[in-house]
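Quick caveat, the model's predicted, so the values are computed rather than measured.
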Amino acid sequence: MHGEYKVPGGKLVVVDLEVGDGLLTQVSVSGDFFLEPDEALPVISASLVGLPQDTQVPALAQAVTTALDEAQAAGTLAGPVSLVGFDARAVAMGVRRALGRSTTWDDHEFEVIHPGPLPPAVDVALDQVLTEELAAGQRGPTLRFWEWVDPAVVIGSFQSLANEIDADGARRHGVTVVRRISGGGAMFMEAGNCITFSLVVPASLVDGMSFEESYAFLNAWVIDALADVGVKAFTAGLNDIASPAGKLAGSAQKRLAGGAVLHHVTMAYDIDADKMLEVLRIGREKVSDKGTRSANKRVDPVRSQTRLPRSEVVAMFKAHFEGRYTTRPGELTQTELDRAHELVATKFADDSWTARVP
């Protein structure tokens, strides 16, 4: 079995191994990294022999670290150990890749879906439907762009409805409130005012990553796509994307037990800040972090920095993703839409879900 792991900003780690009776055997670690002293390499390889094939990344990395520490303490290594361009975790990732437990973008074909406008409640229901289908092996990895007409606020799974929403303001502006299955903050959505997309991937793509690492990993293409439209962007905090002008986007995740990950991003294109502040309570405190000069104007970091129509920005994002990964055009099936509408009726439009955190 052969696996490769490229350390972000570092070197390539290659692992060749065999498995016997459920245990790792004949492990060989190599790569274009730098390692001192030379005698440390066989210690790294030997440290993995005999471990169960289902050993997780933290335990694999700990086995490498412990073996190097013990060898150095015993005086069997000529001098201190120095790993340059890689670390014990990178070796562990190489092992998981060799075993097929960890995959790369290149191991998958992604279906790209961009349907016409749908009610926001249907969009959040589709997040659940497509994630469950991937977990059940009924659909492959999918990137889906949202379009909608009806104004809405989509709140995170664990947010308090009363703390987030000004009910009078929402009624006054005809804003519907729906709760999604993932955590994170509220999304104020009117047609044309933000860019939203959902990515459904197998858990193997983020195998061994912490939540923080997986956010940065799954948002990396977004940051590069923003560069295509002239926006210098970077990861900020746990799940945000920002530019020197302020916050651009927030992302959220939900992981299902069946091995599927939902990751979605909402990006401010040109939001009516006055209206948002009348609807969102928390937004009144956080608006200064959204890239607007005045709370009484607009939150428009993408529009103002790109000077491009929203449709063109979305098209360029889609083109970047399709040029970077193996993709094919797709569409929602009638079965998926039917299931989404069923979930709207039984869950996402029901107060027992929307107000489950009062």
For side-chain hydrogen bond (donor to acceptor under 3.5 Å, both in side chains), just list the numbers for Asp107 and Thr104, CA-CA rounded to whole Å, side-chain angles, deciding distance to a tenth of an Å, and then say yes or no. CA-CA 5 Å; Asp107 293 322; Thr104 71; 3.2 Å; yes
side-chain contact (heavy atoms from CB on, under 4.5 Å) assessment of Leu226 paired with Ile241: CA-CA 10 Å; Leu226 281 164; Ile241 298 173; 4.0 Å; yes
Could you walk me through whether Glu336 and Arg339 pass the salt bridge (Lys or Arg N to Asp or Glu O under 4.0 Å) check? CA-CA 5 Å; Glu336 290 166 342; Arg339 172 62 176 151; over 6 Å; no
Dump the intermediate steps for side-chain contact (heavy atoms from CB on, under 4.5 Å) on Lys254 and Val261, then the final yes or no. CA-CA 6 Å; Lys254 175 68 175 180; Val261 177; over 6 Å; no
Working note: Asn193 + Phe188, criterion side-chain contact (heavy atoms from CB on, under 4.5 Å); need CA distance, chi angles, decisive distance, verdict. CA-CA 9 Å; Asn193 77 356; Phe188 177 73; 3.9 Å; yes
With salt bridge (Lys or Arg N to Asp or Glu O under 4.0 Å) as the test, would you mind laying out the steps for Asp240 and Lys247 before giving the verdict? CA-CA 7 Å; Asp240 288 342; Lys247 180 177 175 179; 3.4 Å; yes
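The stretch residues 1-20 participates, sequence neighbours left out, in no salt bridge (charged side-chain N to carboxylate O under 4.0 Å, His left out) pair at all. Listed by first and then second residue, the side chain to side chain donor-acceptor pair (under 3.5 Å) pairs that reach into residues 64-91 are Gln62-Thr66, Arg89-Glu213, sequence neighbours excluded. Applying the salt bridge (charged side-chain N to carboxylate O under 4.0 Å, His left out) test to residues at least two apart or on different chains, the pairs with a partner in residues 222-231 are Asp224-Arg324. Here salt bridge (charged side-chain N to carboxylate O under 4.0 Å, His left out) pairs that include residues 174-192, with residues two or more places apart or in two chains, are Glu190-Lys275.
A pairwise comparison of heavy atoms in Leu337 and Leu332 identifies CD2-CD1, 3.8 Å as the closest pair. Of all heavy-atom pairs between Leu99 and Val19, the closest is CD2-CG2, 3.7 Å. The heavy-atom pair separating Leu248 from Gln305 by the smallest distance is CD2-NE2, 3.8 Å. Contact between Ser214 and Gln253 at its shortest, heavy atoms only, is OG-NE2, 3.2 Å. Considering all non-hydrogen atoms of both residues, Leu130 and Val200 come closest at O-CG1, 3.9 Å. The minimum heavy-atom distance linking His264 with Ser198 is given by the pair CB-OG, 3.5 Å.
Not one N or O on the side chain of Glu164 forms a donor-acceptor pair closer than 3.5 Å with the backbone of Leu161. The backbone N or O of Asn239 lies less than 3.5 Å from a partner atom in the side chain of Ser251, making a donor-acceptor pair. Here the side chain of Thr55 pairs no donor or acceptor atom with the backbone of Leu51 at under 3.5 angstrom. Side-chain N or O atoms of Asn219 include none that pairs as donor or acceptor with a backbone N or O of Ala216 at under 3.5 Å.
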Kindly list each side-chain donor-acceptor pair under 3.5 angstrom involving residues 114-125, sequence neighbours excluded, with atom names and distances?
| residue | atom | partner | partner atom | Å |
| --- | --- | --- | --- | --- |
| His114 | ND1 | Lys318 | NZ | 3.1 |
| His114 | NE2 | Glu147 | OE2 | 2.8 |
| Asp123 | OD1 | Arg144 | NH1 | 2.7 |

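With contacts defined as side-chain heavy-atom distances shorter than 4.5 Å, the pair Trp146/Leu126 does not qualify. In this structure, Val302 and Val229 have side chains that are not in contact, with every pair of non-hydrogen atoms separated by 4.5 Å or more. In this structure, the side chains of Ile165 and Leu280 come closer than 4.5 Å at one or more pairs of heavy atoms. By the 4.5 Å heavy-atom criterion applied to side chains, Ser243 and Lys232 are not counted as neighbours. Proximity of Ser204 to Arg101: side-chain heavy atoms (C-beta onward) are nowhere separated by under 4.5 Å. No side-chain heavy atom of Tyr5 sits less than 4.5 Å from a side-chain heavy atom of Leu12. A heavy-atom distance below 4.5 Å is found between the side chains of Arg96 and Gln56. Side-chain contact between Val206 and Leu218: present, with at least one pair of heavy atoms (C-beta onward) separated by less than 4.5 Å.
In this view, His263 and Tyr215 satisfy the ring pair (Phe, Tyr, Trp, His ring centres under 6.0 Å) rule, not counting sequence neighbours. Glu109 is linked by a side-chain hydrogen bond (donor to acceptor under 3.5 Å, both in side chains) to Arg328, counting only residues two or more places apart in sequence or in another chain. Checked against side chain to side chain contact (heavy atoms under 4.5 Å, CB included), Lys347 has the following partners two or more places apart in sequence or in another chain: Gln128, Ile181, Trp353. Checked against side chain to side chain contact (heavy atoms under 4.5 Å, CB included), Pro37 has the following partners two or more places apart in sequence or in another chain: Glu39, Ala40, Leu77, Val81. Under the rule for a ring pair (Phe, Tyr, Trp, His ring centres under 6.0 Å), the partners of Phe33 that lie at least two apart in sequence or sit in another chain are Phe86. Residues satisfying the salt bridge (Lys or Arg N to Asp or Glu O under 4.0 Å) criterion with Asp54, sequence neighbours excluded, are absent altogether. When the side chain to side chain contact (heavy atoms under 4.5 Å, CB included) test is applied to Ser160, the partners found at least two apart in sequence or on another chain are Ala162, Asn163, Val357.
Outside the 6.0 Å centre-distance limit, the rings of Trp221 and Phe110 are not counted as a close aromatic pair. Here Tyr325 and Phe321 bring their ring centres to under 6.0 angstrom of each other.
Both Val13 and Leu60 are assigned to one and the same hydrophobic cluster, defined by single-linkage of ILVMFWY side chains at heavy-atom distances under 4.5 Å. Residue Phe348 is not grouped with residue Leu256 when hydrophobic side chains (ILVMFWY) are merged at heavy-atom distances under 4.5 angstrom, including chains of intermediate members. Using a 4.5 Å cut-off between side-chain heavy atoms of Ile, Leu, Val, Met, Phe, Trp and Tyr, with links allowed through other members, Leu262 and Met267 fall into different hydrophobic clusters. With hydrophobic clusters built from ILVMFWY side chains whose heavy atoms lie under 4.5 angstrom apart, Val265 does not share a cluster with Met189. Grouping the Ile, Leu, Val, Met, Phe, Trp and Tyr side chains by contacts below 4.5 angstrom, directly or via other members, places Leu41 with Val15.
Between the side chains of Ser28 and Ser45, no donor N or O sits under 3.5 Å from an acceptor N or O. Between the side chains of Ser352 and Asp350, at least one donor N or O sits under 3.5 Å from an acceptor N or O. No side-chain N or O of Ser182 forms a donor-acceptor pair with one of Arg255 less than 3.5 Å apart. No hydrogens or angles considered: a donor-acceptor pair under 3.5 Å links the side chains of Arg139 and Thr142. Counting only N and O atoms by type, the side chains of Arg356 and Ser157 include a donor and acceptor under 3.5 Å apart.
Residue Val43 forms a side chain to side chain contact (heavy atoms under 4.5 Å, CB included) with just one option from Val29, Leu68, Val64, and that option is Leu68.
Cation-pi geometry between Arg310 and Trp148 is met: the NZ or CZ atom falls under 6.0 Å from the ring centre, inside 45° of the normal.
Within a 6.0 Å sphere centred on CZ of Phe34, other residues, nucleotides and ligands contribute 12 heavy atoms or fewer.
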